[in-house]
**Q** 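Dropping a structure here in structure tokens format, bear with me for questions.
These values consider heavy atoms only, across backbone and side chains, with no hydrogens, waters or symmetry-generated copies. For ligands, and for the atoms within them, numbers begin at 1 and follow the listed sequence.
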Amino acid sequence: MDKIEEQKELWRKRAQRYNNLEWVKKSNVLQAFMLVGNFDKDHVVLDAGCGTGKVLGTVAPYVKEVHGVDISEEMLSQIDLSSIPNAKVSVGDIGNLDYPDNFFDRITVRLVLHHILDDDDLMRVLKELYRVLKPNGKIIVSEGVPPHEDVKKDYEEVFKLKEKRRVFMPEDLVRLLKRAGFRHIRVNIIIDEHMSVRNWLENAGDLDEETIEKIYNMHKFASPRFKEVYNLVDKGDDILIDVKVALVTGIK
Ligand SMILES: C[S@@+](CC[C@H](N)C(=O)[O-])C[C@H]1O[C@@H](n2cnc3c(N)ncnc32)[C@H](O)[C@@H]1O
């Protein structure tokens, strides 16, 4: 199976439960997109790897048009397009977009880049996004990041059980955007407080019971430092943690 087919297969399994995930709809990251995006009613926006359209649906009322592109038909099918009249969605690879140069005023990319495992593919995606963005247009990239350098290894261990992925620190995202040609790069850090570990694991969509318990217990029996930087609270039937999200913006 090639890499794109593997991603399609992954999201085919995850699509059904995706919108139950607390962090997908949590408003502070979505609000942060609005704050740093400086959207305007004349803007044409691309939501790259739009999935079930939460970012797309948040931005749409404030702009002229929003285009969503995603490789997963199943994720796209979760979008209620009747409630977003100025949205156009299509199935496609964001590393090879069917748009002319300098087309979009803004590009949003939430939680997509960590799924692009090959370095060359990742740079191809970022350069493709650069190509379709207008000069002086803005890209807004958002990724979950370890809460502190001290627990990066633990973070990697937790996610290794869940999926094949990249782990970014905010400075990695800055470096990548710079290499792709973006300038005036800025990092904004958002904390999603008191996120349920159970909600996250049970709605992942493709984890068996054993893996869910293993990851849960990695939190329950974590080191004091891990618990401290995650502000971890053990409620008995659930564990709550503060999740750190980086929103990195760049200008073409
Ligand atoms: C974690 S979901 C994020 C969805 C959405 N951006 C959000 O914030 O809820 C990752 C999405 O990236 C999509 N994706 C991964 N690689 C892609 C690619 N090369 N081209 C287009 N979409 C891709 C997946 O299909 C999936 O819908």
Side-chain angles (χ1 to χ4, degrees), residues 1-34 36-37 45-60 66-80 84 87-99 106-129 131-132 139-145 159 162-168 173 180 190 192 195 199-201 203-207 243 245-248:
M1 218 190 297
D2 77 11
K3 286 171 277 182
I4 292 284
E5 286 306 317
E6 266 179 45
Q7 275 293 310
K8 281 190 187 172
E9 183 59 17
L10 179 70
W11 295 101
R12 191 185 60 70
K13 288 189 215 142
R14 290 182 170 184
Q16 203 65 45
R17 302 189 72 86
Y18 188 79
N19 283 342
N20 297 335
L21 286 160
E22 204 181 4
W23 57 261
V24 170
K25 47 203 174 199
K26 190 137 174 142
S27 61
N28 57 343
V29 170
L30 295 171
Q31 273 166 11
F33 265 93
M34 295 311 302
V36 304
V45 179
L46 171 67
D47 188 21
C50 63
T52 61
K54 280 285 176 272
V55 174
L56 179 144
T58 301
V59 171
V66 54
H67 297 237
V69 176
D70 199 286
I71 40 135
S72 167
E73 274 177 56
E74 288 82 0
M75 290 292 274
L76 291 176
S77 73
Q78 301 290 320
I79 307 177
D80 175 12
I84 324 173
K88 299 181 177 175
V89 304
S90 57
V91 179
D93 173 11
I94 58 169
N96 184 17
L97 288 164
D98 204 7
Y99 287 103
R106 296 286 181 270
I107 298 180
T108 53
V109 202
R110 184 175 78 159
L111 293 163
V112 180
L113 301 183
H114 68 266
H115 292 292
I116 302 173
L117 304 178
D118 181 87
D119 288 347
D120 292 343
D121 288 346
L122 183 57
M123 200 33 65
R124 189 166 51 87
V125 163
L126 287 169
K127 289 196 167 155
E128 185 64 345
L129 298 179
R131 181 185 72 75
V132 298
I139 188 168
I140 306 123
V141 172
S142 166
E143 288 288 338
V145 294
F159 276 98
K162 189 172 175 285
E163 62 201 5
K164 270 194 248 164
R165 65 168 281 161
R166 288 174 179 275
V167 171
F168 295 118
L173 295 165
I190 316 294
D192 263 340
M195 302 299 284
N199 170 277
W200 170 54
L201 295 172
N203 292 296
D206 58 349
L207 299 180
V243 172
V245 177
L247 245 83
V248 184

**Q** For Gln16, give me all partners under side-chain contact (heavy atoms from CB on, under 4.5 Å), at least two apart in sequence or on another chain.
**A** Gln78
**Q** Can you pull out every side-chain hydrogen bond (donor to acceptor under 3.5 Å, both in side chains) where at least one residue sits in residues 115-124? Sequence neighbours excluded, please.
**A** Lys3-Asp121, Asp119-Arg166, Asp121-Arg124
**Q** Is it the case that atom CG in Asp98 sees more than 12 heavy atoms from other parts of the structure closer than 6.0 Å?
**A** no
**Q** Would you tell me whether Asn28 and Asp192 have side-chain atoms, one donor and one acceptor, within less than 3.5 Å of each other?
**A** yes
**Q** Please list, by chain and number, the protein residues whose heavy atoms come under 4.0 Å of ligand 1.
**A** Ile4, Gln7, Trp11, Tyr18, Gly49, Cys50, Gly51, Asp70, Ile71, Ser72, Met75, Gly92, Asp93, Ile94, Arg110, Leu111, Val112, His115
**Q** Pairs under 3.5 angstrom only: tabulate donor-acceptor contacts from the side chains of residues 47-60 to other protein residues two or more places apart or in another chain.
**A**
unit_1, atom_1, unit_2, atom_2, d
Asp47, OD1, Thr108, OG1, 2.8
Asp47, OD2, Leu56, N, 3.4
Thr52, OG1, Asn19, OD1, 2.7
Thr58, OG1, Lys54, O, 2.7

**Q** Flag the pair Tyr18 / Trp200 as yes when their ring centroid distance falls below 6.0 Å, and as no otherwise.
**A** no
